[in-house]
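Along the sequence shown, residues carry numbers from 1.
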Amino acid sequence: MNEETCAPSGVALGDTGFGYTLSLIGGKYKMLILYALAGNTVLRHNELKRHLGGIAFKTLSVVLKELEADALIVRKEYPQVPPKVEYFLSSKGASLIPVLNTLCEWGERHQPG
């Protein structure tokens, strides 16, 4: 690879900024969840499930926990019955939205048809 890239040759991908970013947003649903939260500010679990369509309840729970552990989203629980939990982007998560927008723009320019 070219020395000007973020993933130079001779360096393990996981040890690069590119590899770190992919570890945070890789997978089928993480970017979609971040985009849903960016467009809606605050969403509850079932609202996110509706946005994502066919995602299983457990899968969504696991991905949300991963995003929370990586400090990309914030989970706020309200002490009431029935329980109320909301999710929103952290400042770190919000800082990824321009990166995701760049990916979106690239796709729009290069998709066939």
- Those residues that, when tested against Gln111, pass side-chain contact (heavy atoms from CB on, under 4.5 Å) (two or more places apart): none
- For Phe57, which fellow cluster members are found when Ile, Leu, Val, Met, Phe, Trp and Tyr are connected by side-chain heavy-atom distances below 4.5 angstrom, either directly or through intermediates? none
- Message: Please enumerate all residues that pass side-chain contact (heavy atoms from CB on, under 4.5 Å) together with Ile55, with sequence neighbours excluded.
- Response: Tyr29, Lys49, Leu52, Thr59, Leu60
- Query: Who pairs with Arg44 by salt bridge (charged side-chain N to carboxylate O under 4.0 Å, His left out), at least two apart in sequence or on another chain?
  - Reply: none
- Task: Applying side-chain contact (heavy atoms from CB on, under 4.5 Å), name anything that partners Gln80, two or more places apart in sequence or on another chain.
- Result: Tyr78, Lys84
- Is there any side chain to side chain donor-acceptor pair (under 3.5 Å) pair reaching into residues 94-103, and which pairs are they, with sequence neighbours excluded? Tyr35-Asn101
- How is the hydrophobic cluster of Val62 composed, in terms of its other members, when Ile, Leu, Val, Met, Phe, Trp and Tyr link through side-chain heavy atoms under 4.5 Å apart, directly or indirectly? none
- Val99: partners by side-chain contact (heavy atoms from CB on, under 4.5 Å), with sequence neighbours left out: Leu96
- Given side-chain contact (heavy atoms from CB on, under 4.5 Å), test Arg75 with Val85 step by step and report yes or no. CA-CA 7 Å; Arg75 178 183 189 270; Val85 177; 3.6 Å; yes
- Message: How close do Ala71 and Ser90 get, counting heavy atoms only, and between which atoms?
- Response: O-OG, 2.5 Å
- Query: What heavy-atom pair brings Leu48 and Ala36 nearest, and what distance separates the two atoms?
  - Reply: CD2-CB, 4.0 Å
- For Lys92, the side chain to side chain donor-acceptor pair (under 3.5 Å) test, sequence neighbours excluded, returns Tyr20
- Task: Working to the nearest 0.5 Å, report the span between CG of Leu37 and CG of Leu64.
- Result: 8.0 Å
- Are Asn40 and Glu47 close enough, and set up right, to give a side-chain contact (heavy atoms from CB on, under 4.5 Å), and what steps lead you there? CA-CA 10 Å; Asn40 293 284; Glu47 292 170 321; over 6 Å; no
- Message: Test of understanding: with side chain to side chain donor-acceptor pair (under 3.5 Å), list the residues that count as partners of Ser61, not counting sequence neighbours.
- Response: His45
- Message: Tell me the closest heavy-atom pair linking Leu34 and Ile97, and the distance in Å.
- Response: O-CD1, 3.8 Å
- Would Phe18 end up clustered with Ile25 when hydrophobic side chains under 4.5 Å apart are linked, directly or stepwise? no
- So which heavy atom on Ile73 is nearest to which on Glu68, and how close? CG1-N, 3.6 Å
- Here the pair of heavy atoms bringing Leu24 nearest to Lys30 is O-CD, 3.1 Å
- Task: Mind checking side chain to side chain donor-acceptor pair (under 3.5 Å) for Glu105 and listing every partner two or more places apart, or none if nothing turns up?
- Result: none
- Item | Cluster companions of Val74 among Ile, Leu, Val, Met, Phe, Trp, Tyr (side-chain spacing under 4.5 Å) | Val42, Phe88
